[in-house]
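Heads up: the structure comes next, in structure tokens.
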2 protein chains.
Amino acid sequence: MAKGEQTRSRLLDAFEDLVIEHGERAGTLAATADEAGVSKGGLLYHFGSKDALVQGLAERLEVFAAEEERRLSSLPDVLEVFLRESVAANQPFDRTYLALLKLGQLDEHHAAREALARLDDHFLAALTQALGDPDLALLVLRVSDGIYVRTALGGSDALPADSVDRLLALLATLPR
Amino acid sequence: MAKGEQTRSRLLDAFEDLVIEHGERAGTLAATADEAGVSKGGLLYHFGSKDALVQGLAERLEVFAAEEERRLSSLPDVLEVFLRESVAANQPFDRTYLALLKLGQLDEHHAAREALARLDDHFLAALTQALGDPDLALLVLRVSDGIYVRTALGGSDALPADSVDRLLALLATLPR
DNA sequence: GTCTATACTGAGATAGAC
DNA sequence: GTCTATCTCAGTATAGAC
């Protein structure tokens with residue numbers, strides 16, 4: 001990886017971390033640059049504005065999502081994996097998703113909302129195909145979003161360890 | 001209602017509207033005061049700080065939630081009503097919930113997150129009793145949250161009109 | 001490719017008049 | 001109980017050195 005690419009990636013990581021850990025207000029240019037070990041000017045060389053930073057995350061989501069989808073399509077129990085990872089929320093994909101979910105709440109971060117909407121469409125199609133039922137697919141997506149928000153809101157204790165197991169057991173009783 | 005109470009309520013309405021319609025960044029003291037037809041100084045007489053404004057919404061949620069719960073407990077199909085109203089998102093309760101959901105994404109709005117957590121506990125207990133199954137109750141709550149976030153993100157077209165019907169039909173097939 | 005210095009803006013909040 | 005004026009601070013962004 002070229003040095004420039006590396007710095008860009010470090011900056012996105014830093015931004016992501018700050019937003020997830022301390023909310024979007026904490027993801028200032030100064031704090032992000034600091035966390036990534038560059039100066040504000042350094043950051044602005046790579047991402048010309050705050051908006052470009054969000055756009056960077058949005059693009060990262062697309063890349064991760066493509067990998068994720070490839071991985072999911074080769075697995076036997078898609079539903080299981082999909083929901084279980086909504087709760088882990090610590091895989092690269094989950095972190096990017098979570099950060100964008102928070103950013104998307106603010107009007108100005110249009111790029112975040114667009115990326116999330118595209119991903120939703122995409123996963124809806126993929127899950128529909130994998131599960132054989134568009135309604136079940138939609139249900140799973142909404143539950144997954146519900147879990148992500150609670151994670152975004154509450155930290156870890158929002159989700160008792162076995163609750164996903166129980167939700168999965170319940171969903172397994174649904175017709176396929 | 002005393003005049004002071006009326007102004008307070010108007011200010012909360014204004015704040016809520018701004019946050020829902022244009023994100024938390026738009027809910028500035030100036031804009032809120034303006035929308036409510038008072039000056040910044042006027043607002044700060046009623047709510048001594050931004051935090052107090054959020055706290056005000058949190059308290060409003062508790063009031064609405066109590067009414068909501070009383071209403072729900074007297075209905076035959078709780079699940080139906082509960083989910084259908086997650087999508088309407090335009091009843092007073094829904095608007096307050098939605099605004100706090102957005103505010104809660106920001107670290108500094110601790111009061112918003114606390115109110116949402118309390119409400120979640122509360123509704124989990126109530127739904128568990130009404131539906132006779134804690135897992136189903138949890139599932140419904142998470143789906144509901146999922147619907148709220150998408151509403152928060154996407155506006156209206158995020159939810160095809162009949163999608164809630166289909167989700168309900170699916171959930172109805174689950175054991176009670 | 002990265003840094004320092006600095007301009008500009010808008011937010012929250014205080015003081016005190018009416 | 002509400003208004004105007006003003007202070008302070010932090011955030012984005014620019015310019016230009018290295």
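Quantities reported herein were computed from a predicted structural model and do not represent experimental measurements. First the proteins, then the strands, lettered A, B, ... as listed; each starts at 1.
Applying the salt bridge (charged side-chain N to carboxylate O under 4.0 Å, His left out) rule to pairs touching residues 34-47 of chain B yields nothing, sequence neighbours excluded. Listed by first then second residue, pairs satisfying ring-ring contact (aromatic ring centres under 6.0 Å, His included) with a partner in residues 18-41 of chain A number zero, not counting sequence neighbours. Applying the side-chain hydrogen bond (donor to acceptor under 3.5 Å, both in side chains) test to every pair with at least one member in residues 5-18 of chain B, sequence neighbours left out, gives these pairs: B:S9-B:R60, B:D13-B:R60, B:E16-B:R60, B:E16-B:T96, B:D17-B:R95.
Scored by the side chain to side chain donor-acceptor pair (under 3.5 Å) test, A:T28 finds no partners at all (sequence neighbours excluded). Scored by the side chain to side chain donor-acceptor pair (under 3.5 Å) test, A:H110 finds no partners at all (sequence neighbours excluded). Applying the side chain to side chain contact (heavy atoms under 4.5 Å, CB included) rule to B:V63 yields the partners B:E67; only residues at least two apart in sequence or on another chain are considered. Residues that satisfy the side chain to side chain donor-acceptor pair (under 3.5 Å) test with B:E80, not counting sequence neighbours, are B:R84. With sequence neighbours left out, the side chain to side chain donor-acceptor pair (under 3.5 Å) criterion links A:E24 to B:R25. Residues forming a side chain to side chain contact (heavy atoms under 4.5 Å, CB included) with B:L44 (at least two apart in sequence, or on another chain): B:L29.
Proximity of residues 99-116 of chain B to DNA chain D (heavy atom under 4.0 angstrom from any strand atom) is not detected for any residue.
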Distances for protein N/O vs nucleotides 12-14 of chain C N/O pairs under 3.5 angstrom?
from	atom 1	to	atom 2	distance (Å)
C:dG12	OP1	B:K50	NZ	2.9
C:dG12	OP2	B:L29	N	2.9
C:dA13	OP2	B:K50	N	2.9
C:dA13	N6	B:K40	NZ	3.0

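Cluster annotation: B:I147 and A:L116 are assigned to the same hydrophobic cluster (Ile/Leu/Val/Met/Phe/Trp/Tyr, side-chain heavy-atom contacts under 4.5 Å, transitive).
Between the CG atom of B:L53 and the C1' atom of C:dA11 there is a distance of 14 Å, rounded to whole Å.
A nucleotide of DNA chain D counts as in contact with chain A when one of its atoms lies under 4.0 Å from a heavy atom; the first and last such, 5' to 3', are D:dG11 to D:dT14.
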